[in-house]
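Heads up, the thing below is written out as structure tokens.
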Amino acid sequence: MTNYDVDVAILGAGTAGMAAYREAVKQTDRVALIDGGPLGTTCARVGCMPSKLLIAAADAAQHARDSGQFGITANGVTVDGVAVMERVRRERDRFVGFVNDAIEGFEQRHLIRKSAQFVDDHTLALDDGSRLTARTVIVATGSRPVIPPPFQVAGERLIINDDVFDWQDLPDSVAVFGAGVIGLELGQALSRLGVRVHLFGRGNSVGPLSDPDLVAYARNHFGREFSAHFDADTQISRDGDQVVVSWSNRNDPNDAGEERFDYLLAATGRRPNLDRIGLENTSLILDERGVPEIDPMSMRAKSSAGQVSPIFVAGDASVEIPLLHEAADEGRIAGENAARYPEVYRRARRTRLGVVFSDPQIAVIGQGHKALADVGVEFGVGEVSFEDQGRARVIGKNVGLLRVYGDRDTGLLLGAEIIGPAAEHLAHLLAWSIESKLTVAEALQRPFYHPVIEEGLRTALRNLAAVLRFAPNPPLRCIDCGPGS
Ligand SMILES: Cc1cc2nc3c(=O)[nH]c(=O)nc-3n(C[C@H](O)[C@H](O)[C@H](O)COP(=O)(O)OP(=O)(O)OC[C@H]3O[C@@H](n4cnc5c(N)ncnc54)[C@H](O)[C@@H]3O)c2cc1C
Ligand SMILES: NC(=O)c1ccc[n+]([C@@H]2O[C@H](COP(=O)([O-])OP(=O)(O)OC[C@H]3O[C@@H](n4cnc5c(N)ncnc54)[C@H](O)[C@@H]3O)[C@@H](O)[C@H]2O)c1
């Protein structure tokens with residue numbers, strides 16, 4: 001049994017932990033990267049990558065089905081579930097392989113393949129009984145799905161995202177609980193792959209959207225494509241090999257029924273892995289959920305009694321923004337600061353950006369509608385519908401709505417919410433514009449090609465410029481800007 005003494009201990013070798021490691025080793029060789037679970041990161045193993053692989057297969061099937069509008073007939077689209085899942089697993093394993101290659105490139109004496117718990121601020125107990133002392137500790141332990149207790153009745157038919165990506169074949173039916181990001185992405189993909197899906201949400205919310213008009217638009221659109229109950233009261237039971245779900249909606253007596261499913265997929269949110277690492281043995285101030293207060297610009301957790309905490313938290317463990325690029329940024333900030341401790345610097349964070357890979361895609365950029373309303377900013381709203389937008393109609397993707405928000409005093413772009421075609425790309429343009437502190441008028445000075453989806457964004461910006469009284473109302477369907485722009 002080896003005991004260790006290092007400058008920086010990093011708990012968790014996921015995206016945040018690996019980023020932290022790369023920063024810390026620039027400053028010290030006395031680093032430990034500790035992980036007791038499977039390596040390869042949540043993103044590559046059971047998150048971003050396999051989910052997008054499954055969605056890519058679903059999109060391929062849907063393109064073929066939608067081709068009739070162009071006068072093209074794809075005779076009888078068939079989905080080979082075994083082949084679909086074989087590609088998902090094969091490509092997933094490839095991505096995991098890249099991560100594992102990166103870890104193999106790390107100094108192997110820095111890697112400790114064990115789980116750890118805090119004994120105090122500077123001491124970790126490893127699961128083989130050994131101890132590690134560290135000047136600073138970075139908690140980068142990721143998150144796991146929340147499973148509401150009523151789901152347990154489904155027994156081994158209760159699954160989470162991890163299980164889906166190990167399937168050898170597609171099942172006949174799945175009840176997807178949660179109309180958040182995972183539920184929408186996986187629910188729609190499975191439905192398009194021929195699985196009988198019912199999506200059960202709560203409170204009428206749809207993914208991360210908060211603009212009431214976009215939420216309503218999204219609800220109508222997805223509800224037309226597959227069986228989605230966005231405000232369901234549900235009862236779950238088990239009958240033989242099947243999960244029985246009966247549901248009702250107190251605001252819509254027509255939305256009620258009972259169906260049987262092969263699986264219940266829990267996509268009802270995730271919680272940080274902070275509850276099993278002995279944080280109660282540290283000096284950190286914990287809230288009622290056991291979560292420490294963290295400075296999002298230095299990633300340092302706050303200690304009680306005015307002590308300067310030697311503990312940093314990064315990635316999904318830090319609760320704030322559970323997304324891949326944020327985990328990497330937070331890891332870098334925490335790694336840099338933990339190695340430099342007790343001198344700690346604050347780093348500016350990037351403009352917020354979140355994309356849901358549903359079809360149409362959803363994106364929230366900068367400050368969304370709710371965030372702006374909550375802080376009481378005076379903002380104007382510009383909008384475009386994609387239903388009549390030139391390029392969107394050309395490619396048969398004319399579904400969606402984009403709303404862009406601007407500051408009434410300064411004309412600065414503040415944020416946007418989108419459900420629509422190419423939202424992943426529009427979201428980047430908007431995030432880069434907000435990051436560059438562009439006003440609406442300045443954004444409109446940028447070049448726009450024709451005919452492209454981005455012309456829809458220009459329409460929304462022109463509309464916003466008029467709302468903010470920086471320009472006249474744009475002419476309807478602005479012919480001089482090119483047809484259908
Ligand atoms: C289905 C799904 C799809 C997603 N899609 C996207 C997407 O498209 N885009 C996007 O930006 N984000 C997406 N995400 C979110 C993204 O995957 C996460 O934000 C990101 O992976 C978090 O990285 P992390 O380093 O915090 O955690 P992880 O990568 O989970 O790493 C945590 C590590 O800590 C280890 N660990 C835990 N406890 C201990 C302990 N006590 N001791 C030692 N080690 C420990 C674990 O074994 C693990 O290796 C998705 C997530 C899911 C679930
Ligand atoms: N494309 C992406 O970037 C991507 C994809 C997948 C996951 N993620 C990350 O993973 C995180 C977790 O995703 P998620 O979808 O699990 O969480 P989420 O917070 O996005 O959605 C959870 C949903 O479940 C609902 N819910 C809670 N309890 C319920 C119940 N008992 N019955 C029915 N619905 C219930 C909530 O109202 C909410 O709408 C996301 O916040 C995101 O950061 C990102």
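Both ligands and their constituent atoms are indexed starting at 1 by order of listing. Since this is a predicted model, take the numbers as computed values, not measurements. Computed from heavy atoms alone, side chains included, the values below leave out hydrogens, waters and symmetry copies.
At least one heavy atom of K114 sits under 4.0 Å from some atom of ligand 1.
Using modelled atom types and a 3.5 Å distance limit, the side chains of N337 and S298 yield no donor-acceptor pair.
The ring-ring contact (aromatic ring centres under 6.0 Å, His included) analysis of residues 82-109, with sequence neighbours excluded, yields the pairs Y21-F106. For residues 243-262, every residue pair satisfying the ring-ring contact (aromatic ring centres under 6.0 Å, His included) rule, not counting sequence neighbours, is listed here: H198-W247, H198-F261, F200-W247, H229-W247.
Ligand 1 places these atoms under 4.0 Å from at least one heavy atom of A16: 25 (O). Close approach to P322 involves these atoms of ligand 1, each under 4.0 Å from a residue heavy atom: 15 (C), 19 (O). With ligand atoms numbered from 1 in the order given, ligand 1 contributes 53 (C) to contacts under 4.0 Å with heavy atoms of R270. In the vicinity of T15, heavy-atom distances shorter than 4.0 Å reach the ligand 1 atoms 23 (O), 25 (O), 29 (O). Atoms of ligand 1 found under 4.0 Å from any heavy atom of S51 (numbered from 1 in listed order, with element): 3 (C). Near G12, meaning under 4.0 Å from any of its heavy atoms, are these atoms of ligand 1: 33 (C), 34 (O), 35 (C), 44 (N). Each of the following atoms of ligand 1 lies closer than 4.0 Å to a heavy atom of A140: 32 (C), 33 (C), 34 (O). Counting the atoms of ligand 1 from 1 in the order shown, those under 4.0 Å from a heavy atom of G36 are 43 (C), 44 (N).
Considering only non-hydrogen protein atoms, atom 48 (C) of ligand 1 sits nearest to D35 OD2, 3.3 Å. Here the protein heavy atom with the shortest distance to atom 21 (O) of ligand 1 is C43 N, 3.6 Å. Atom 28 (P) of ligand 1 has its closest protein heavy atom at T42 OG1, 3.5 Å. Looking at atom 31 (O) of ligand 1, its nearest protein heavy atom turns out to be G14 CA, 3.2 Å. Nearest non-hydrogen protein atom to atom 11 (O) of ligand 1 is L324 N, 2.9 Å. Of the protein's heavy atoms, G142 CA, 3.4 Å lies nearest to atom 27 (O) of ligand 1. Nearest protein neighbour of atom 45 (C) of ligand 1, counting heavy atoms only, is T141 CG2, 4.0 Å.
By the criterion of a heavy-atom distance under 4.0 Å, both the backbone and the side chain of C48 are placed next to ligand 1. If you look at I182 next to ligand 1, the close heavy atoms, those under 4.0 Å, all belong to the side chain. When heavy-atom distances to ligand 1 are checked against a 4.0 Å cut-off, V46 comes that close only through its backbone atoms N, CA, C and O. When heavy-atom distances to ligand 1 are checked against a 4.0 Å cut-off, D316 comes that close through both its backbone and its side chain. Proximity of S143 to ligand 1, defined as any heavy-atom pair under 4.0 Å, is not found for any part of the residue.
R219 places a side-chain N or O within 3.5 Å of a backbone atom of N204 that can act as its donor or acceptor partner. Put simply, the side chain of S173 gets close to the backbone of D262: a donor and an acceptor are under 3.5 Å apart. Between the side chain of E383 and the main chain of L402, no donor-acceptor pair closer than 3.5 Å is present. Side chain of T268 to backbone of I147: no donor-acceptor contact under 3.5 angstrom is found.
Listed by chain and number, the residues in a side-chain hydrogen bond (donor to acceptor under 3.5 Å, both in side chains) with E417 are S210 (sequence neighbours excluded).
Atom CD of E293 sits in a sparse spot, with 12 or fewer heavy atoms from other residues, nucleotides or ligands closer than 6.0 Å.
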Next item on the list: Evaluate the side-chain hydrogen bond (donor to acceptor under 3.5 Å, both in side chains) criterion for residues D211 and Y405: first the C-alpha distance (whole Å), next the side-chain angles of each, then the deciding distance (0.1 Å), finally the verdict.
Entry: CA-CA 11 Å; D211 188 312; Y405 314 118; 2.7 Å; yes

Check: Do R192 and D359 pass the salt bridge (Lys or Arg N to Asp or Glu O under 4.0 Å) test, and can you show the C-alpha distance, the side-chain angles, and the key distance before you say yes or no?
Finding: CA-CA 10 Å; R192 289 181 164 195; D359 179 23; 2.8 Å; yes

Check: Passes side-chain hydrogen bond (donor to acceptor under 3.5 Å, both in side chains), R131 versus N3? Steps please.
Finding: CA-CA 5 Å; R131 296 263 160 145; N3 288 319; over 6 Å; no

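Within the 4.5 Å cutoff, side-chain heavy atoms of R270 are placed close to those of T42. At least one side-chain heavy atom of I112 sits under 4.5 Å from a side-chain heavy atom of L132.
The shortest N or O to N or O distance between K52 and ligand 1 is below 3.5 Å.
Atom CD1 of I362 is separated from atom CD1 of I418 by 10.5 Å, given to the nearest 0.5 angstrom.
Ring-plane geometry between H221 and Y217 is classed as parallel, the angle between the planes falling under 30 degrees on a 0 to 90 degree scale with a further cut at 60.
A salt bridge between D166 and R92 is present, with a side-chain N of the basic residue lying under 4.0 Å from a carboxylate O of the acidic one.
Looking at A19, G47, A116, it is G47 that brings a heavy atom closest to atom 3 (C) of ligand 1.
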For ligand 2, output the ligand-protein N/O contacts shorter than 3.5 angstrom; if there are none, return none.
residue, atom, partner, partner atom, Å
ligand 2, 1 (N), E185, OE2, 2.8
ligand 2, 1 (N), V355, O, 2.7
ligand 2, 3 (O), V355, O, 3.3
ligand 2, 15 (O), V181, N, 3.2
ligand 2, 15 (O), I182, N, 2.9
ligand 2, 16 (O), G269, N, 3.0
ligand 2, 20 (O), V181, N, 3.2
ligand 2, 39 (O), S205, OG, 3.4
ligand 2, 43 (O), P322, O, 2.7

